[in-house]
Asks: 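This is the structure I want to talk about, given as structure tokens.
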Amino acid sequence: MVDYREGVAHYEGLLRSAESTFGVPWPANFVALYQSRLMEGYVLAEARMIIPRTTIEGLLDQVRNRILSFALEIADENPDAGEAKEGKEPPIPTPKVDQIYNTYIWGGGNVIASGNENIITDFRQSAQDWDSLEQALHRLGLGEPDISSLSEAIDKDREQEEVPGPAVQSWLGGITSRIAMGSLSLANSAAGSMVGAVVFEYLRRL
């Protein structure tokens with residue numbers, strides 16, 4: 001998963017460049033996990049997640065839309081909310097403002113922004129059996145052929161002590177390669193790493 005922790009100005013600066021994609025280094029623990037597993041006789045020293053330009057554009061568009069929706073809802077609740085006087089009663093009760101904020105800023109499947117760990121936790125908790133894993137993968141954007149291929153890979157690895165086994169590793173590598181090449185589009189920019197997370201969580205429970 002990629003956490004977008006910089007300010008809006010940083011991402012606007014990226015879009016002012018001519019680049020069509022941006023690279024984000026893999027976390028060190030991911031590199032260590034796959035260091036000797038991708039190609040026989042080779043060691044992975046570094047890997048980068050490719051972020052399409054359209055993802056950054058979508059991020060900024062979502063920020064703008066959420067702020068606008070928040071402001072419009074506040075104005076709809078009380079058109080004079082912007083004229084609040086210091087020391088006077090707030091034009092809108094604080095609990096109501098909190099509710100509007102949580103609805104329009106944090107709500108609505110806010111997967112693309114950083115810090116929304118509840119969604120990731122929900123996916124991991126749902127991967128307790130094959131049916132719930134399948135549902136989670138569908139929600140992340142994988143189709144039936146890829147999920148069927150994963151089922152076959154898990155069956156092939158039944159006798160393997162290593163988790164994930166070689167067949168599942170190959171399946172995950174294929175998903176990662178297709179995302180990087182742009183031939184596989186998932187639900188959002190975080191979904192690629194979340195696929196691996198829910199699969200690992202399921203295998204851990206076997």
Side-chain angles (χ1 to χ4, degrees), residues 1-4 21-40 42 44 47-59 62 107-206:
M1 184 186 71
V2 177
D3 284 343
Y4 298 92
T21 60
F22 306 96
V24 178
W26 277 19
N29 57 333
F30 271 40
V31 174
L33 177 64
Y34 288 100
Q35 197 163 54
S36 59
R37 298 180 178 182
L38 294 182
M39 297 180 64
E40 186 175 354
Y42 291 84
L44 177 65
R48 303 178 75 82
M49 182 180 295
I50 302 302
I51 307 298
R53 184 185 184 87
T54 52
T55 297
I56 305 299
E57 293 172 342
L59 169 66
Q62 188 172 153
N110 187 20
V111 180
I112 194 170
S114 63
N116 194 3
E117 296 178 357
N118 291 332
I119 293 178
I120 300 171
T121 302
D122 289 345
F123 277 127
R124 289 184 177 177
Q125 289 175 346
S126 70
Q128 298 176 7
D129 53 39
W130 174 255
D131 288 341
S132 56
L133 173 62
E134 187 174 14
Q135 292 174 11
L137 293 175
H138 274 304
R139 289 168 62 193
L140 289 170
L142 287 182
E144 197 58 45
D146 285 321
I147 296 175
S148 296
S149 296
L150 173 62
S151 177
E152 295 172 3
I154 292 174
D155 287 340
K156 288 180 182 179
D157 287 341
R158 290 290 180 186
E159 304 301 321
Q160 299 288 332
E161 294 184 2
E162 187 178 18
V163 178
V168 173
Q169 289 179 36
S170 177
W171 182 88
L172 289 170
I175 294 293
T176 301
S177 297
R178 287 164 59 200
I179 292 173
M181 291 186 296
S183 62
L184 176 62
S185 298
L186 298 183
N188 52 72
S189 61
S193 57
M194 291 168 69
V195 167
V198 294
V199 170
F200 290 155
E201 182 67 14
Y202 170 77
L203 294 174
R204 188 179 64 83
R205 296 174 183 273
L206 289 182

Asks: So which heavy atom on W130 is nearest to which on Y202, and how close?
Replies: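 That closest heavy-atom pairing would be N-CE1, 3.5 Å.
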Asks: Mind checking the OG-CD spacing from S148 to E134? Nearest 0.5 Å is all I need.
Replies: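 Result: 7.5 Å between the selected atoms.
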Asks: Among pairs that include at least one residue of residues 144-155, which meet salt bridge (charged side-chain N to carboxylate O under 4.0 Å, His left out), considering only residues two or more places apart or in two chains?
Replies: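 Residue pairs passing salt bridge (charged side-chain N to carboxylate O under 4.0 Å, His left out), neighbours aside: D146-R178, D155-R158.
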Asks: Search all heavy atoms of P164 against all heavy atoms of L203 and return the closest pair with its distance.
Replies: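 Where P164 meets L203 most closely, the heavy atoms are CB-CD1, 3.7 Å.
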Asks: Any heavy-atom pair between the side chains of I50 and F22 that's under 4.5 Å?
Replies: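 Result no, sub-4.5 Å side-chain heavy-atom pair not found.
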Asks: If you look only at pairs with a residue in residues 22-35, which of them pass as a salt bridge (charged side-chain N to carboxylate O under 4.0 Å, His left out), with sequence neighbours excluded?
Replies: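 Every pair satisfying salt bridge (charged side-chain N to carboxylate O under 4.0 Å, His left out) with a residue in residues 22-35: there are none.
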Asks: Taking all heavy atoms of H138 and all of G143, pick out the closest pair and write down the distance.
Replies: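 Shortest heavy-atom separation between H138 and G143 comes out as CE1-C, 4.4 Å.
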Asks: Measuring from I154:CD1 to S149:OG, what's the distance to the nearest 0.5 Å?
Replies: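 Output value for this atom pair is 11.0 Å.
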Asks: Do F200 and V163 make a side-chain contact, defined as non-hydrogen atoms from C-beta onward lying under 4.5 Å apart?
Replies: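 No. Closest side-chain heavy atoms not under 4.5 Å.
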Asks: So do L172 and V168 actually touch side chain to side chain, heavy atoms under 4.5 Å?
Replies: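 The answer is yes; the side chains approach within 4.5 Å.
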Asks: Just verifying a value: how many Å separate L137 CG and S151 OG, rounded to the nearest 0.5 Å?
Replies: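 The OG atom of S151 is 11.0 Å from CG of L137, to the nearest 0.5 Å.
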Asks: Could you give the distance from CG (L142) to CD1 (I147), rounded to the nearest 0.5 Å?
Replies: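 Rounded to the nearest 0.5 Å, the CG-CD1 separation comes to 5.5 Å.
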Asks: Shortest non-hydrogen contact from A167 to A153?
Replies: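 Smallest interatomic distance, heavy atoms only, reads CB-O, 3.5 Å.
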Asks: To the nearest 0.5 Å, how far apart are CD in Q160 and CD in Q169?
Replies: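 It comes to 9.0 Å.
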Asks: Are the side chains of T176 and W171 in contact, using a 4.5 Å heavy-atom criterion?
Replies: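 No, too far: nothing below the 4.5 Å cut-off.
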Asks: Evaluate V198 against L140 for side chain to side chain contact (heavy atoms under 4.5 Å, CB included), listing each step before the verdict.
Replies: CA-CA 10 Å; V198 294; L140 289 170; 4.2 Å; yes
Asks: Report the distance from atom CD of Q135 to atom CG of D129, rounding to the nearest 0.5 Å.
Replies: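 Here the rounded value is 8.0 Å.
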Asks: Check L150 against V199 and note the closest heavy-atom contact, atom names and distance.
Replies: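 Closest approach of L150 to V199: CD2-CG2, 3.9 Å.
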Asks: Looking at residues at least two apart in the chain, or sitting in another chain, which of them share a side-chain contact (heavy atoms from CB on, under 4.5 Å) with R48?
Replies: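 With sequence neighbours excluded, R48 shows a side-chain contact (heavy atoms from CB on, under 4.5 Å) to P25, E46, given in chain and number order.
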